[in-house]
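In what follows, a single structure is set out as structure tokens and then discussed.
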Amino acid sequence: MDSQTSQSSQASQSPHTFQVDLRGLVDLLSHHLYSSPKVYLRELLQNAVDAITARRAGQPDAPARVRLYAEGGTLRVEDSGVGLTEADVHSLLATIGRSSKRADPGGIQEARSEFLGQFGIGLLACFVVAERIRVVSRSARTPDAPPVEWTAADDGSYTVRTLPDEARPEPGTTVHLVARPGAGEWLTEERVLALARDFGSLLPYDVRVGDEAVTDLPAPWNRPYPSPATRRVALQRHCHDLFGFTPLDSIDLDVPLAGIRGVAYVLPSSVSPAQRASHRVHLKGMLLTERAEQLLPDWAFFVRCVLDTDSLRPTASRESLYEDETLAAVREALGERIRSWLTGLAAGDPERLAAFLSVHHLGVKSLARHDKEMLRTMLPWLPFETTDGQVSLEEFAQRHPVVHFTRTVEEYRQVAPIASAQGVGVINGGYTYDSELIEALPSVRPGSVVAELDADTVTAHLDAVDPAEELALAAFLGAARAKLDPLGCDVVLRAFHPLSVPALHLDDRAARHEQARAEAEERADDLWAGILGSLRGSAPRARLVLNHLNPLIRRISSLEDRELIGTATESLYGQALLMAQRPLRPADSALLNRAFIGLLEWATHSDPTEPTEDGRR
């Protein structure tokens, strides 16, 4: 009894083999692994090229031909590769997941690094477009072995049989596909030729669809040209055919240690830094992907690349790159190559550099933020908006002992006209990356002084009014300050140019923060108002600077009617806000409306000496 129990236990523990639903697997491939059915042709080309590579590893003089024939919903692919024996067919074609390129000590498979395929999916991908696959093959390693035929259907069934010698007299493999219903368009000659050229234009062997050549070697960036100008025109044509645009310039991407050779094309128009660039990557001549997004550093968003490599590792779908140390090293090397191109332009071709920066200065600024050497190189070229016009940081620093800048565009618009009239140079640091680069200036240009421009600095550069004159206007200033105090704004009197500006609204981030806190405190309940009140700081308030040199201000300051002074002050405050292009709060909009109506009432008010409707004077 114990013996029977033991045998029963062993039987229950015996291993079982997974059952594979081929149709379900094909559905998984077509809807989740591959982006398009077109990859079936890449797999066929890949298998054919690998078979030739395997044969040439032992027979260097063996023919290297791949021929494709499409007709009436069928496709025939012939190669002069290493071929298969009947044992190979059972071992490789009938076992899903096994690769003929895996390590096999003592066999041709030792040359695995020369193969395109690494995942053994092989012919299985063809079921995405075919309902039946027939393979006829003859082995070059075992010349005496007869040809063998493997026929498979998409329901998972297959047959294997040997054929007479005349069925395949020469070593190699022929694959026959019969289209599945609805997939016939993928096996037309026109579609097959287009796909073959897209995937295989850089393959090292003779590949043809019918009589039409597929391969086009050497690659455009490797061909000899009569002159640099001729090469530039040829690469421009290649870029237009490949990407649909004529580039500003082309950058050679030659990284021998990484087995990379290609070209980067500079976009002729600006793009968003957040837009992921897509590049074309060939692996040993076979197109791997045309949507490689992680190939270059993020800052290099202004180029599109096409290259061939033998070092990068593809993902299982062979439609993108595997993120590993090799890819990281390649990314850094390609970034360095683009960086070198930029420094070369700065040193020897300023006109081309200026044309490039007029379009892509944002990308270079992004790079210069983290690369002091690049910032130092680009200082004479990178444009900034300043009170001196569009100039470089280097030129601006030479003109001004202190490099003042604002952190926002709004702040710059407030102070730029006034600061310029007072001889104070200001840079608009409100655009992407600009304030970071300005603050980094002393690190690459020793002796430079950089200071953020605030309301106090601007006010300090405006001329003070004679104390006696300001004292005489004390009543006017008191009425004006009382009117704007509820808005969190002070009123000061200064003399400045240009004379045409009656008033200037100045504030800074601290003042705006305090203003927002005060407004929130007014709307909050008692508990929250107490919390916000405890956060009250000593930050300076916004200020309305009245220009004592302006004729309108002189007339308003001579008024005696406090109500009219208040209305005029509100009007000046609103006009200063609009001139500074600052967003208006609800209270500011209400003030503008109130001031406008008040001025209309004052302008249309009847003469006080005339009788009113009820007869009174």
Side-chain angles (χ1 to χ4, degrees), residues 219-240 242-243 245-271 273 277 279-280 295-309 329-384 390-395 397 433 437 440-441 443-445:
W221 52 85
N222 282 334
R223 296 172 189 170
Y225 295 96
S227 67
T230 305
R231 184 177 190 270
R232 185 158 47 249
V233 171
L235 290 180
Q236 287 178 343
R237 186 182 306 113
H238 176 249
C239 177
H240 189 274
L242 205 60
F243 294 113
F245 65 86
T246 301
L248 284 178
D249 205 351
S250 57
I251 309 168
D252 285 327
L253 302 178
D254 190 2
V255 188
L257 292 179
I260 285 178
R261 177 70 173 153
V263 62
Y265 293 116
V266 181
L267 290 165
S269 56
S270 60
V271 293
H279 311 288
R280 290 175 64 94
L295 186 65
L296 295 181
D298 290 341
W299 56 261
F301 55 82
F302 49 83
V303 298
R304 297 292 180 268
C305 297
V306 53
L307 55 84
D308 189 24
T309 176
V330 166
R331 184 186 300 120
E332 183 177 349
L334 295 180
E336 181 58 36
R337 185 65 195 85
I338 296 173
R339 184 186 290 109
S340 298
W341 169 78
L342 283 171
T343 56
L345 286 186
D349 200 338
E351 290 185 2
R352 285 171 65 198
L353 178 64
F356 166 76
L357 290 178
S358 68
V359 178
H360 296 298
H361 59 275
L362 201 58
V364 180
K365 286 181 176 180
S366 175
L367 171 60
R369 286 184 306 154
H370 308 294
D371 190 326
K372 288 186 178 181
E373 189 58 36
M374 179 56 64
L375 177 58
R376 185 179 291 106
T377 301
M378 291 291 112
L379 271 181
W381 309 103
L382 286 176
F384 287 79
Q390 286 282 341
V391 299
S392 69
L393 274 180
E394 175 69 24
E395 183 178 356
Y433 309 135
L437 294 176
L441 180 62
S443 66
V444 297
R445 193 178 187 276

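Summarising the geometry, atom CD belonging to Glu394 is positioned 4.5 Å from atom CZ belonging to Arg445; distances are rounded to the nearest 0.5 Å. For the atom pair CZ of Arg223 and OG1 of Thr230, the computed distance is 13.5 Å after rounding to the nearest 0.5 Å. Distance CZ/Arg376 to CG/Leu441: 11.0 Å, rounded to 0.5 Å. Taken from NE2 in His361 to CG in Leu382, the straight-line distance is 8.5 Å, to the nearest 0.5 Å. Going from atom CG of Leu295 over to atom CZ of Arg304 covers 11.5 Å, rounded to the nearest 0.5 Å. The line from CD1 of Ile338 to OG of Ser340 is 10.0 Å long, rounded to the nearest 0.5 Å.
Between the side chain of Lys372 and the backbone N or O of Ala440, no donor-acceptor pair lies under 3.5 Å. Remark: side-chain polar atoms of Arg337 are paired, donor with acceptor, to backbone N or O of Asp252 under 3.5 angstrom.
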**OP:** Show your reasoning for whether side chain to side chain contact (heavy atoms under 4.5 Å, CB included) applies to Leu362 and Phe302.
**Re:** CA-CA 9 Å; Leu362 201 58; Phe302 49 83; over 6 Å; no
**OP:** List the steps, then state whether side chain to side chain contact (heavy atoms under 4.5 Å, CB included) holds for Leu342 with Phe356.
**Re:** CA-CA 9 Å; Leu342 283 171; Phe356 166 76; 3.3 Å; yes
Original post:
Val330 and Thr309: side chain to side chain contact (heavy atoms under 4.5 Å, CB included), yes or no, with the steps?
Top reply: CA-CA 10 Å; Val330 166; Thr309 176; 5.9 Å; no
**OP:** Under the side chain to side chain contact (heavy atoms under 4.5 Å, CB included) rule, what do Cys305 and Leu253 come out as? Steps first, then yes or no, please.
**Re:** CA-CA 9 Å; Cys305 297; Leu253 302 178; 3.7 Å; yes
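Put simply, the side chain of Leu267 does not reach to within 4.5 Å of the side chain of Phe243, judged on heavy atoms. Within the 4.5 Å cutoff, side-chain heavy atoms of Met378 are placed close to those of Leu353. Taking the side chain as every heavy atom from C-beta outward, Ser250 and Trp341 never approach each other to under 4.5 Å. Taking the side chain as every heavy atom from C-beta outward, Pro268 and Val359 never approach each other to under 4.5 Å.
Residues Phe301 and Gly363 come closest through the heavy atom pair CZ-CA, 3.4 Å. Among all heavy-atom pairs drawn from Val255 and Ala333, the shortest one is CG1-CB, 4.0 Å. Scanning both residues, Ser269 and His360, for their nearest heavy atoms gives O-CE1, 3.1 Å. A pairwise comparison of heavy atoms in Thr377 and Ala346 identifies CG2-CB, 3.7 Å as the closest pair. Contact detail for Glu395 and Ser392: the closest heavy-atom pair is N-OG, 3.2 Å. Nearest heavy-atom pair across Ala355 and Leu248 is O-CD1, 4.4 Å.
For Glu336, the CD atom sits in a packed shell: over 12 heavy atoms of surrounding residues, nucleotides or ligands are nearer than 6.0 Å. More than 12 non-hydrogen atoms from other residues, nucleotides or ligands lie less than 6.0 angstrom from CD of Gln390.
Two rings, from Tyr433 and Trp299, have their centers 6.0 Å or more apart.
Using a 30° and 60° split on the angle between ring planes, Trp221 and His238 fall in the perpendicular class, above 60°.
Results of the side-chain contact (heavy atoms from CB on, under 4.5 Å) test with Leu375 over Leu367, Leu437, Val364 single out Leu437 as the only residue that passes.
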